[in-house]
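Structure record follows, encoded as structure tokens.
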Amino acid sequence: MRLTRRSMLGATALTVSMTALAACSKDPGTGGGGSGGSDGGGGEQIAADANDINAKERDELGEGGVLRLANNAFPANWNSNHSDGNEANTTAMMNAIYPGLYQYSAAGEVTPNPHYTKRLELTSEDPQVMEIELNEGMTWSDGTPIDYKSIENVFKTMDGSKEDYGIASSSGYELVEKIEQGDSDLIAVITFKEKYADWQGLAGVMPDSLVESADAFNTGWVDEPLVTAGPYKIGKIDAGNKTVLLEPDENWWGDKALLKQVLFTTIEDPAATATSFQNGQLDVIETTVPATYSVVEPMIGQGATLWKAAGPNWTHITLNGAEGRPLADQAVRQAMFRAIDREEVFLSVNATMPYPKDTEALNNHLLMTNQDGYQDNSGDLGTYDPEAAKKLLEDAGYTMEGDKATKDGKAIEITYVYNDGSKTNEAVVPVVQEQLAAVGITMKVQKVPPTDLFAKYVIPGEFDLTLFGWVGNPFLSSGDSIWKTDGEQNFGKIGDEETDKLIDQAAVETDPAKRLETINEADANLWELAGVIPLWQSYDFFVQVDDLANYGAWGFQSPDWTKIGYVKGSAKLEG
């Protein structure tokens, strides 16, 4: 269980990952509901438990057709449990070909995924014991059974005990005392050292061959996923043209996949993605910036529909505070928080997008604005004030020499790294650059290939600033590794012992009210640490052909690839 990164390319670039909304999320009373068929104008806030996917029953759909989708970055690693593979584009494809033992409803309710899991429950509260029972007769594509050993592989790999394995996150797994086989080879019994509130999110399976060595785990799936088990399988991966073709898996044991093929094409230029949809070469476009929305908006109501949801996704700027970097000084980071006008940054990207009227800034790192328990913990650090920024620098020993802030004769110079082609970043960069320059901070810009952004720059720490997003889920502790001092997803290397303790406390607190109180205490600390600047909650905006069903703006809901297809009578079924 972890948050997934999402790059900000053409849309709210989610190669960017996001934080989680709770399963108990509620509409705060500002309106809500889906917006299928919307003309794209602004409106009221959308409830956290609402989504838009053109929901249809299987018997309303036909068999056949090709679903043509786009993503903005080709996978750097197909192992989504690896740090390089924990990325939204990769996960979106793996969802169709790889087991997920639990599923989410639009309201964030977590239940066993009936395609794979017979039972997922707590059998003891003290000590906390979880049991996972798999369905009978399931096998990996290499012929090995999906059984207890497949579950054990996850828990013994993701707990962080194997130092050479580049896992995405050990959050929750490190709290497990032992895993044992139950009454059959399909049952795993997991005993925790202490209570863990998000225990369901740890359930998963991995094939033996993926975990047999560090090399297999880290690099074995760089070119392709070698073992799968889902309604679809890999038909062909063309790395040169950056396309992935999925076809129904004839060995699948569940409801038959409805589509003849699913084609994913990596298009790094958002304008090209919009043009492809406009020309009928794509069936869906996720549109989160004006560069794409302005092109496809006239098509809404003319054979295409806009679907919207306010899910657990958010956009932010991460600061690198690692030792030896220019932003290792907390005072400089806090000055940057005061120097950046988040409203202007939001409008630079979203002024013409169909966000609700008077969309507020995101003033919490751990909870979304439409989520139960959300509160503004930003204090002064969330308020734009360039004079206050200058005062923070002055108090830290910096003086203005001309138009630069210097200390011991050295000016503050930082590098903003982003994925080439990202319209979000292209809009944000000049705004942030000018605002920082106004307080004496020089910001250089480095554009890098989208596939390399995380693997070669963000994860190794070769940046000072970077903007991306986090894609969330119903588990509040899924993002713990972002915030803990030694967390695998703490790319800025900023944290402290007090915050670590609060995050750990929230993870094991089973009283919802007390948990939210602790989470907000931790968030207040995160503002003071000044490592991540929350910008806005990133809504899901999908424009897609009218005949496509059970696909769109998911919000919290998990996609079910056995139900995605075209309605009966659609001309798309002949494609």
Least distance between heavy atoms, Pro270 atom then Thr292 atom: O-CG2, 3.2 Å
Which heavy atom of Pro112 sits nearest to which heavy atom of Gln103, and what is that distance? O-NE2, 3.7 Å
Look at the side chain of Ser558 and the backbone N and O of Tyr104, then say whether any donor-acceptor pair between them is shorter than 3.5 Å. yes
Backbone N or O of Gly64 within a donor-acceptor pair of the Tyr566 side chain at under 3.5 Å? no
Residue that, paired with Trp140, satisfies side-chain contact (heavy atoms from CB on, under 4.5 Å) out of Ser209, Ser150, Pro145: Ser150
Going by atom types only, do [X] and [Y] share a side-chain donor-acceptor pair under 3.5 Å?
X	Y	answer
Thr144	Asp142	yes
Asn81	Tyr165	no
Ser538	Thr315	yes

Enumerate the residue pairs fulfilling side-chain hydrogen bond (donor to acceptor under 3.5 Å, both in side chains) with a member in residues 223-234, sequence neighbours excluded, ordered by first and then second residue. Lys233-Glu250
When His115 is tested against each of Asp255, Asp560, Asn135 for side-chain hydrogen bond (donor to acceptor under 3.5 Å, both in side chains), which residue passes? Asp560
Leu258/Glu63 under side-chain contact (heavy atoms from CB on, under 4.5 Å): CA gap, chis, key distance, verdict: CA-CA 5 Å; Leu258 295 168; Glu63 292 186 19; 4.0 Å; yes
Using the rule ring pair (Phe, Tyr, Trp, His ring centres under 6.0 Å), only one of Tyr98, Trp252, Tyr102 pairs with Tyr116; which is it? Trp252
Would a line drawn from the ring center of Tyr539 to the ring center of Trp307 be shorter than 6.0 Å? no
What do you reckon, are the aromatic ring centroids of Trp199 and Phe475 less than 6.0 Å apart? no
Could you check whether the rings of Trp561 and Tyr551 sit parallel, tilted or perpendicular, using 30° and 60° as the cut-offs? perpendicular
So Tyr355 and Phe541, would you call those rings parallel, tilted or perpendicular, with 30° and 60° as cut-offs? perpendicular
